[in-house]
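Written below as structure tokens is the structure these notes are about.
Just so you know, residue 1 is the first one in the sequence shown, and it goes up from there. FYI, side chains are in, hydrogens and waters are out, and symmetry mates aren't considered; it's all heavy atoms of this structure.
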Amino acid sequence: MKATSFLKYFITVILIAVASFQLHAQESNVPVEKSHRIVFQMTTSDTLAHKALMKQLKNIKSVSPSTNIEIVCHGPGLTMMMKTKTTVLKDIQISKELGVVFNTCEFSLKERNVDKSEIIAESNFVKAGIIYIVEKVEAGYVYIKSGF
């Protein structure tokens, strides 16, 4: 009988210790990185807006490296993805290495008579930029419109 009482006492002490440890771990100031998902819309040919977006991407990845980021360029924003017009190719390449996904709208290409061969190799293609953004938002991404 004494062995059973001792076992109950021992288990109770262990449970209290585990609960105390868990409570202490929750109250500690150890930051836990939350994974974010962001889709940016780029619709301007303004090169200053392109540069500002590249800086934002760098900043986001520096404080939250696990953030999933996608960029969707359409309309006048196609210039950011065009081989002969982009001013941020090096920044795009660096961002892509950090996991940022760049997308060019095929519908906008057609509307503007731009061939896919004129788009930088770092870009993927989506059928319709707006619909792609909507699908990302429906999948839980946060939408941010780029530009000024």
Side-chain angles (χ1 to χ4, degrees), residues 8 10-148:
K8 287 180 181 179
F10 181 73
I11 290 173
T12 302
V13 169
I14 294 296
L15 290 175
I16 290 171
V18 168
S20 175
F21 176 77
Q22 288 176 339
L23 181 61
H24 176 70
Q26 289 174 355
E27 292 176 351
S28 71
N29 291 328
V30 176
V32 176
E33 184 177 339
K34 182 177 179 182
S35 182
H36 306 289
R37 297 181 296 172
I38 305 169
V39 60
F40 284 89
Q41 179 184 32
M42 176 56 71
T43 60
T44 180
S45 61
D46 184 344
T47 59
L48 292 177
H50 299 171
K51 290 176 185 174
L53 174 60
M54 295 301 110
K55 185 174 182 179
Q56 289 172 337
L57 299 177
K58 182 180 175 185
N59 292 344
I60 291 167
K61 285 296 197 172
S62 73
V63 297
S64 183
S66 67
T67 299
N68 294 316
I69 302 173
E70 292 205 34
I71 314 302
V72 180
C73 297
H74 64 98
L78 289 180
T79 59
M80 191 173 98
M81 296 289 108
M82 295 178 69
K83 292 176 183 175
T84 60
K85 296 186 178 181
T86 187
T87 61
V88 291
L89 180 58
K90 184 69 175 169
D91 294 309
I92 289 171
Q93 292 167 336
I94 292 168
S95 294
K96 186 164 175 126
E97 288 176 13
L98 295 173
V100 177
V101 176
F102 293 88
N103 301 292
T104 299
C105 173
E106 292 176 340
F107 189 84
S108 291
L109 291 175
K110 183 179 176 185
E111 289 289 310
R112 294 174 176 274
N113 295 316
V114 176
D115 191 76
K116 281 185 175 182
S117 65
E118 297 178 57
I119 302 301
I120 61 174
E122 292 75 12
S123 181
N124 298 324
F125 295 94
V126 296
K127 188 170 186 159
I130 297 286
I131 298 301
Y132 188 79
I133 291 168
V134 168
E135 290 168 348
K136 286 295 180 180
V137 169
E138 290 172 341
Y141 277 66
V142 173
Y143 163 81
I144 301 176
K145 181 159 177 64
S146 294
F148 304 114

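Here the NE2 atom belonging to His36 is positioned 4.0 Å from the OG atom belonging to Ser64, to the nearest 0.5 angstrom.
Around the CZ atom of Phe107, the shell of radius 6.0 Å holds no more than 12 heavy atoms that belong to other residues, nucleotides or ligands.
Taking all atoms of both residues into account, the shortest heavy-atom contact from Ser35 to Ser66 is OG-O, 3.7 Å. Of all non-hydrogen atoms in Val137 and Tyr143, the two that sit nearest each other are CG2-CB, 3.8 Å.
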Run the side-chain donor-acceptor check on residues 88-97: report pairs under 3.5 Å with partners two or more places apart or on a different chain.
{"residue": "Gln93", "atom": "NE2", "partner": "Glu122", "partner atom": "OE2", "Å": "3.1"}
{"residue": "Ser95", "atom": "OG", "partner": "Asp91", "partner atom": "O", "Å": "3.0"}
{"residue": "Lys96", "atom": "NZ", "partner": "Glu122", "partner atom": "O", "Å": "3.0"}

Just list the side-chain donor-acceptor pairs under 3.5 Å for residues 68-80, sequence neighbours left out, or say none.
{"residue": "Glu70", "atom": "OE1", "partner": "Asn103", "partner atom": "ND2", "Å": "2.8"}
{"residue": "Glu70", "atom": "OE1", "partner": "Tyr132", "partner atom": "OH", "Å": "2.6"}
{"residue": "Glu70", "atom": "OE2", "partner": "Tyr132", "partner atom": "OH", "Å": "3.3"}
{"residue": "Glu70", "atom": "OE2", "partner": "Lys136", "partner atom": "NZ", "Å": "2.9"}
{"residue": "His74", "atom": "NE2", "partner": "Gln41", "partner atom": "NE2", "Å": "2.7"}
{"residue": "Thr79", "atom": "OG1", "partner": "Pro76", "partner atom": "O", "Å": "3.2"}

Donor-acceptor contacts, no H, no angles, side chain residues 42-50, under 3.5 Å, sequence neighbours left out:
{"residue": "Thr43", "atom": "OG1", "partner": "Lys145", "partner atom": "NZ", "Å": "2.6"}
{"residue": "Thr44", "atom": "OG1", "partner": "Asp46", "partner atom": "N", "Å": "3.1"}
{"residue": "Asp46", "atom": "OD1", "partner": "Leu48", "partner atom": "N", "Å": "2.8"}
{"residue": "His50", "atom": "NE2", "partner": "Thr44", "partner atom": "O", "Å": "2.8"}

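Applying the salt bridge (Lys or Arg N to Asp or Glu O under 4.0 Å) definition to pairs two or more places apart or across chains, none involves residues 73-88. Residue pairs meeting the salt bridge (Lys or Arg N to Asp or Glu O under 4.0 Å) criterion with at least one member in residues 52-66, sequence neighbours excluded, do not occur. Within the structure, the salt bridge (Lys or Arg N to Asp or Glu O under 4.0 Å) test picks out no pair touching residues 123-134 (sequence neighbours left out).
Side chain of Ser108 to backbone of Cys105: no donor-acceptor contact under 3.5 angstrom is found.
Here the side chains of Phe40 and Leu57 are in contact, with some heavy-atom distance below 4.5 Å.
In this view, Phe125 and Thr104, Glu106, Leu109, Lys116, Ile119 satisfy the side-chain contact (heavy atoms from CB on, under 4.5 Å) rule, not counting sequence neighbours. By the side-chain contact (heavy atoms from CB on, under 4.5 Å) test, Glu118 pairs with Met82, Val114, Asp115, sequence neighbours left out.
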